[in-house]
Amino acid sequence: MAATSAAVLNGSPFLSGGKRSQSLLAAPVAARVGGGSAVAPRRLPGDYGFDPLGLGKDPAFLKWYREAELIHGRWAMAAVLGIFVGQVYSGIPWFEAGADPGAIAPFSFGSLLGTQLILMGWVESKRWVDFFNPESQSVEWATPWSRTAENFANATGEQGYPGGKFFDPLGLAGTIQNGVYTADTEKLDRLKLAEIKHARLAMVAMLIFYFEAGQGKTPLGALGL
């Protein structure tokens, strides 16, 4: 499978982000993680060896699966919070909120959908390219609304955890002194583990919410609230 995935990724300059990342993905695992020596790859946060489908056997795809899990988990955490807060505030079930006459919707559904597809498509395409060619998007032309591309640089060196003054303004995973951000590996590792655990719980919660919605129930209703 490793050979197959490398061939698929290397077959497309867009998918692999250029020659630099193509050669990286095509290289043996040891070379990618230890400069040619047989060094074991760093264990991912929340990796307890549970992989019944064997998705993590191919290192070239494991990194992508982890980033996909992280992104979906972050959306799920935001959605769970939004569902509870939205229903408490409005009293309208989350699966009926968009169709409610009293819903605040200054745009038509078509305009809203089109805008979301354009904006999300642009952001996701940048994330996709940056995944295969790190730091390729932290340049002036790729961040037209920012006065400095430094805001979008990866300050931690970890894919999916950019840190820096822009993404970690409170310094939860590092310190900011004299305007310079310095990542703290120990803090970042603790937060990564906590985040992936909460992300997985939120994704399971959203799955339950969907089943409840199919029965006309809401999370608050299921809790008797």
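Residues that satisfy the ring-ring contact (aromatic ring centres under 6.0 Å, His included) test with Phe131, not counting sequence neighbours, are Trp64.
In this structure, CG on Leu62 lies 7.5 Å from CG on Asp47, to the nearest 0.5 angstrom. Note that the CG atom of Leu223 and the CD atom of Glu212 stand 7.5 Å from one another [nearest 0.5 Å]. Taking CD of Glu158 as the reference point, atom CG of Leu188 lies at 6.0 Å (rounded to 0.5 Å). Going from atom CG of Leu113 over to atom CD1 of Ile118 covers 10.0 Å, rounded to the nearest 0.5 Å. Summarising the geometry, atom CZ belonging to Phe211 is positioned 9.5 Å from atom CD belonging to Gln215; distances are rounded to the nearest 0.5 Å. Atom-to-atom distance recorded for Thr175:OG1 and Asp168:CG is 10.0 Å, nearest 0.5 angstrom.
In the hydrophobic clustering of ILVMFWY residues, with side-chain heavy atoms under 4.5 Å counting as a link, Val88 and Trp94 come out together. One hydrophobic cluster, built from ILVMFWY side chains closer than 4.5 Å, cannot hold both Phe61 and Leu70; they sit in different ones. Cluster membership for Tyr65 and Leu53, using ILVMFWY side-chain heavy atoms within less than 4.5 angstrom, is shared.
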### Task
Take Asp189 and Lys192, measure what salt bridge (charged side-chain N to carboxylate O under 4.0 Å, His left out) needs, and give me the verdict at the end.
CA-CA 5 Å; Asp189 286 344; Lys192 287 195 294 186; 3.7 Å; yes
### Task
Kindly indicate, with the supporting measurements, whether the criterion side-chain contact (heavy atoms from CB on, under 4.5 Å) is fulfilled by Phe95 and Thr218.
CA-CA 8 Å; Phe95 48 85; Thr218 64; 3.9 Å; yes
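Considering only heavy atoms from C-beta on, Lys63 stays 4.5 Å or farther from Leu44 through its side chain. The shortest distance between side-chain heavy atoms of Ile176 and Lys165 falls below 4.5 Å.
Between Trp75 and Met120, the shortest heavy-atom contact is CZ2-CE, 3.6 Å. Between Gly164 and Tyr181 the shortest heavy-atom distance is N-CE2, 3.3 Å. The two residues Asp51 and Gly56 have their closest heavy-atom pair at OD2-N, 2.7 Å. When all heavy atoms are compared, the tightest approach of Ala173 to Leu191 is CB-CD1, 3.9 Å.
Under 3.5 Å, the side chains of Thr156 and Asn154 contain a donor-acceptor pair of N or O atoms.
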Side-chain atoms of residues 194-210: list all donor-acceptor pairs with protein atoms under 3.5 Å, sequence neighbours left out, distances to 0.1 Å.
unit_1, atom_1, unit_2, atom_2, d
Glu195, OE1, Arg74, NH2, 3.3
Glu195, OE2, Arg74, NE, 2.8
Glu195, OE2, Arg74, NH2, 3.4
His198, ND1, Ala194, O, 2.7
Arg200, NE, Glu69, OE2, 2.7
Arg200, NH1, Gly46, O, 2.9
Arg200, NH2, Gly46, O, 3.4
Arg200, NH2, Glu69, OE2, 3.4

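Judged by distance alone, the side chain of Arg127 and the main-chain N or O of Gly160 form no donor-acceptor pair under 3.5 Å.
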